[in-house]
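Working notes, beginning with the structure itself.
These figures come from a predicted structure and were not determined experimentally. So you know, we letter chains A, B, ... as the sequences are listed, proteins then strands, and number each from 1.
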Number of protein chains: 2
Amino acid sequence: MYICNMSNSKLYKGSLNTIILKLLNEHDKMYGYEITQKVKVLTKGELNITEGALYPALHKLEAEGLLDVELAKVDNRLRKYYKLTETGTKETISKLNELAEYIKTMQKLVNPKLV
Amino acid sequence: MYICNMSNSKLYKGSLNTIILKLLNEHDKMYGYEITQKVKVLTKGELNITEGALYPALHKLEAEGLLDVELAKVDNRLRKYYKLTETGTKETISKLNELAEYIKTMQKLVNPKLV
DNA sequence: CCTTATGTATAAGAATCTTAGGTATTATTT
DNA sequence: AAATAATACCTAAGATTCTTATACATAAGG
């Protein structure tokens with residue numbers, strides 16, 4: 001028996017906020033653990049959001065007024081549902097544009113013929 | 001008269017090494033200042049590599065054995081030409097694959113219909 | 001003479017991530 | 001029944017990478 005240590009391809013700086021915002025933009029409300037699972041499924045295990053990155057990021061987005069929190073108890077376990085605020089929705093669009101720009105920029109650099 | 005402060009779209013973590021390696025892969029040998037200028041031109045001013053990021057990155061890549069250095073004096077000014085080592089060339093390919101994977105992964109997350 | 005361009009470098013600080021712990025309940029396996 | 005895995009939250013220490021600011025030096029241009 002051995003343990004498969006899938007080398008989690010590293011997040012690029014700033015990606016996480018974009019991912020969180022985009023997922024909340026699609027799913028109305030989500031809780032932290034749910035986000036980690038969703039990312040796993042969507043990326044087929046390629047990306048594992050670590051809790052040490054996720055929870056501080058959620059707290060910060062909340063503090064910045066981009067997310068609202070709603071507490072829930074399910075099966076006697078706490079859940080914190082996060083939801084985009086109006087500002088959060090605007091920021092989501094902005095972040096997605098930034099990401100698209102970034103990808104274009106990188107393609108100019110690494111694949112100049114195709115751009 | 002006012003100063004146009006083009007908000008330098010931020011680098012995502014880890015991008016810089018990939019950019020450096022890819023440029024050196026294409027141009028045989030380059031010096032630091034040349035790299036900053038090349039990136040400006042290729043990205044039409046969208047990306048400005050700061051010296052505070054570039055020089056430490058070059059030094060680290062050299063220390064890791066991915067780059068070789070060659071000193072030159074042009075117009076009485078020092079230049080440090082960097083060139084890929086054999087290991088550096090392999091690492092370049094690996095980094096470019098990583099970047100391509102990363103972009104695919106992000107597109108699964110932010111644009112799941114298209115992927 | 002002063003500023004801009006060319007060319008290198010480092011140090012302090014911010015931001016974001018990984019790793020490694022911690023707590024607690026429920027479900028599953030042994 | 002007991003141990004482990006899954007669910008669900010959290011934080012702290014450390015690594016890494018970037019920005020900002022500064023420094024030094026030569027050449028060119030106004």
Side-chain angles (χ1 to χ4, degrees), chain A residues 1 3-21 29-41 47-64 67 69-82 95 98-99 102 106, chain B residues 1 3 5-21 29-41 47-64 67 69-82 95 98-99 102:
Chain A
M1 175 198 78
I3 294 169
C4 173
N5 238 335
M6 175 134 45
S7 76
N8 181 23
S9 67
K10 275 163 199 167
L11 275 174
Y12 282 52
K13 182 180 177 178
S15 312
L16 182 54
N17 284 334
T18 307
I19 293 172
I20 293 172
L21 292 173
K29 69 176 186 177
M30 295 181 88
Y31 56 101
Y33 187 75
E34 190 185 6
I35 292 176
T36 65
Q37 300 309 301
K38 195 73 177 173
V39 168
K40 260 189 215 171
V41 171
L47 206 58
N48 282 303
I49 304 299
T50 61
E51 301 165 358
L54 178 67
Y55 290 112
L58 287 172
H59 300 161
K60 203 185 171 208
L61 290 171
E62 187 198 347
E64 290 168 350
L67 301 185
V69 168
E70 181 195 311
L71 288 174
K73 207 156 195 178
V74 178
D75 284 340
N76 203 30
R77 259 180 304 213
L78 186 71
R79 279 185 193 170
K80 288 174 82 172
Y81 278 101
Y82 290 92
K95 284 276 188 195
E98 249 179 49
L99 177 63
Y102 173 73
M106 285 304 287
Chain B
M1 172 200 79
I3 294 169
N5 235 336
M6 174 136 44
S7 77
N8 180 23
S9 67
K10 277 163 197 167
L11 275 174
Y12 282 54
K13 181 178 178 181
S15 311
L16 182 55
N17 284 334
T18 307
I19 293 172
I20 294 172
L21 293 173
K29 69 176 185 178
M30 296 181 88
Y31 56 101
Y33 187 74
E34 189 184 8
I35 292 176
T36 66
Q37 301 308 302
K38 196 73 178 175
V39 168
K40 261 188 213 167
V41 171
L47 206 57
N48 280 303
I49 303 300
T50 61
E51 300 162 359
L54 179 67
Y55 289 113
L58 287 172
H59 300 160
K60 204 185 169 210
L61 290 171
E62 188 198 347
E64 291 168 348
L67 301 184
V69 168
E70 180 193 311
L71 288 173
K73 207 154 197 180
V74 178
D75 284 339
N76 204 31
R77 261 181 302 214
L78 185 70
R79 279 186 194 169
K80 287 174 84 171
Y81 278 101
Y82 290 91
K95 285 272 189 200
E98 249 177 50
L99 177 63
Y102 172 73

Atom pair distance, as rounded to whole Å: CG in A:L71 and C1' in C:dA24: 16 Å
Closest non-hydrogen atom pair between A:K29 and A:E34, with its separation: O-OE1, 4.2 Å
OP1 or OP2 of D:dC10 under 4.0 Å from side-chain N/O of A:Y55: no
C:dT26 phosphate, OP1 or OP2, under 4.0 Å from A:N76 side-chain N/O: yes
A:M30 CE - D:dA8 P separation (whole Å): 12 Å
Touch class at under 4.0 angstrom, heavy-atom based, for A:G32 against every strand present: sugar-phosphate
Integer-rounded Å distance: C:dA15 C1' and A:E64 CD: 11 Å
Closest approach of B:I20 to B:A57 (non-hydrogen atoms, all atoms of both residues): CD1-CB, 3.9 Å
Atom pairs, protein N/O to nucleotides 28-30 of chain D N/O, distance under 3.5 Å:
none

Phosphate-side-chain proximity, B:K60 and D:dT17, N/O vs OP1/OP2 below 4.0 Å: yes
Gap separating the CD atom of A:Q37 from the CD1 atom of A:I49, nearest 0.5 angstrom: 11.0 Å
Side chain proximity check, B:L99 to A:M106, heavy atoms < 4.5 angstrom: yes
Whole-Å gap separating C1' (D:dC10) and CD1 (A:I35): 15 Å
Touch class at under 4.0 angstrom, heavy-atom based, for B:E34 against every strand present: nothing
Non-hydrogen side-chain atoms of B:L67 and B:L21 separated by less than 4.5 Å: yes
Side-chain N or O of A:H59 closer than 4.0 Å to phosphate OP1/OP2 of D:dC9: no
Between C1' of C:dA9 and CZ of B:R79, the distance in whole Å: 17 Å
D:dA8 phosphate, OP1 or OP2, under 4.0 Å from A:Y31 side-chain N/O: yes
Separation of D:dA5 P from A:Y33 OH (nearest whole Å): 13 Å
All pairs passing side chain to side chain donor-acceptor pair (under 3.5 Å) where residues 71-82 of chain A contributes a residue, at least two apart: A:Y31-A:R79, A:R79-A:Y81
Separation of D:dC9 C1' from A:Q37 CD (nearest whole Å): 14 Å
Proximal nucleotide (of D:dT7, C:dA5, C:dT19) relative to the A:T50 side chain: C:dT19
Minimum heavy-atom distance between A:L47 and A:I19, given as atom pair plus value: CD2-CD1, 3.9 Å
Whole-Å gap separating C1' (C:dG7) and CD (B:E70): 16 Å
Distance below 4.0 Å between A:K73 side-chain N/O and D:dA8 OP1 or OP2: no
